[in-house]
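Since the structure comes first, as structure tokens, the remarks are kept for the end.
Keep in mind that the numbers below use all heavy atoms, side chains included, and drop hydrogens, waters and symmetry copies.
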Amino acid sequence: MTISFRPAQDGKWTTRVEIVAPDGSVKYSESTAALDGVAVPITGNMGFIDTVALRQPAPDTLVMTLGKAGTRVSTRVYTVAKDLKSMTETIVWSSDNSQKLETTHFNRVE
């Protein structure tokens, strides 16, 4: 899995997620959104999501809410390490009644 965030026009961010399965098939999504919490469309072939909304409560933190057909699918909090070499993703799935947290760690490749 590769996640890239890059600045876009007018203070917006472009986010691209690419997942390569063991069989070589690729799923991806891409969006460009302001950090104002307003949902925008996602392009790509990840059928379980169609919108994203972003907020940045601190310089090293991004809150992303993914949706499908007007319903929240998950909320994800991305926190970048102080050395900028890694990032932690904490996920709360909306369909999870226990609201347990799922955590993933990513290492910077560029």
*Check whether any side-chain heavy atom of V52 lies under 4.5 Å from a side-chain heavy atom of V40, and answer yes or no.*
yes

*Does anything in residues 75-85 pair up under salt bridge (charged side-chain N to carboxylate O under 4.0 Å, His left out), and if so which pairs, sequence neighbours excluded?*
R76-E89

_Path from L84 to V77 over hydrophobic side-chain contacts below 4.5 Å_ = no

Can I get a per-line list of side-chain donor-acceptor pairs under 3.5 Å for residues 27-35, giving both atom names and the distance, sequence neighbours left out?
from: E30; atom 1: OE1; to: R16; atom 2: NH1; distance (Å): 3.3
from: T32; atom 1: OG1; to: T14; atom 2: OG1; distance (Å): 2.8

_Please say yes or no: joined through hydrophobic side-chain contacts below 4.5 Å, possibly via intermediate residues, are M1 and M87 part of one cluster?_
yes

_Give me each pair satisfying ring pair (Phe, Tyr, Trp, His ring centres under 6.0 Å) with a member in residues 59-83, each pair once, sequence neighbours excluded._
F5-Y78

_To the nearest 0.5 Å, what is the distance between OG1 on T90 and CG on L101?_
6.5 Å

*Not counting sequence neighbours, list each pair that qualifies as a salt bridge (charged side-chain N to carboxylate O under 4.0 Å, His left out) and has a residue in residues 34-61.*
none

_Strictly distance-based, threshold 3.5 Å: is any side-chain N or O of D23 a donor or acceptor partner for the main-chain N or O of S25?_
yes

_Run the salt bridge (charged side-chain N to carboxylate O under 4.0 Å, His left out) test against E102 and tell me which residues pass, sequence neighbours left out._
none

*Who passes side chain to side chain donor-acceptor pair (under 3.5 Å) against R108, sequence neighbours left out?*
none

_Could you work out, with side chain to side chain donor-acceptor pair (under 3.5 Å) as the rule, every residue matching S4, not counting sequence neighbours?_
none

*Between E18 and I3, is a side-chain contact (heavy atoms from CB on, under 4.5 Å) present by the stated rule, with each step listed?*
CA-CA 7 Å; E18 185 172 282; I3 301 174; over 6 Å; no

Only distances under 3.5 Å count here; give the side-chain donor-acceptor pairs of residues 61-69 to other protein atoms, sequence neighbours excluded, each with its distance to 0.1 Å.
from: K68; atom 1: NZ; to: G47; atom 2: O; distance (Å): 3.0

*Sequence neighbours left out, what pairs pass ring pair (Phe, Tyr, Trp, His ring centres under 6.0 Å) with at least one residue falling in residues 37-58?*
none

*asked:* Test of understanding: with side chain to side chain donor-acceptor pair (under 3.5 Å), list the residues that count as partners of T79, not counting sequence neighbours.
replied: none

_Please give the remaining members of the hydrophobic cluster of V26, linking ILVMFWY side chains under 4.5 Å, ordered by chain and number._
V20

*Could you go through the side-chain contact (heavy atoms from CB on, under 4.5 Å) check for T75 and I91 one step at a time?*
CA-CA 6 Å; T75 299; I91 306 170; over 6 Å; no

*side-chain contact (heavy atoms from CB on, under 4.5 Å) partners of N107, counting only residues at least two apart*: S86

*Should I19 and V73 be regarded as members of a common hydrophobic cluster, given that ILVMFWY residues are connected when their side-chain heavy atoms come within less than 4.5 Å of each other, either directly or indirectly?*
yes

*A53 and G37: which non-hydrogen atoms are nearest, and at how many Å?*
CB-O, 3.4 Å

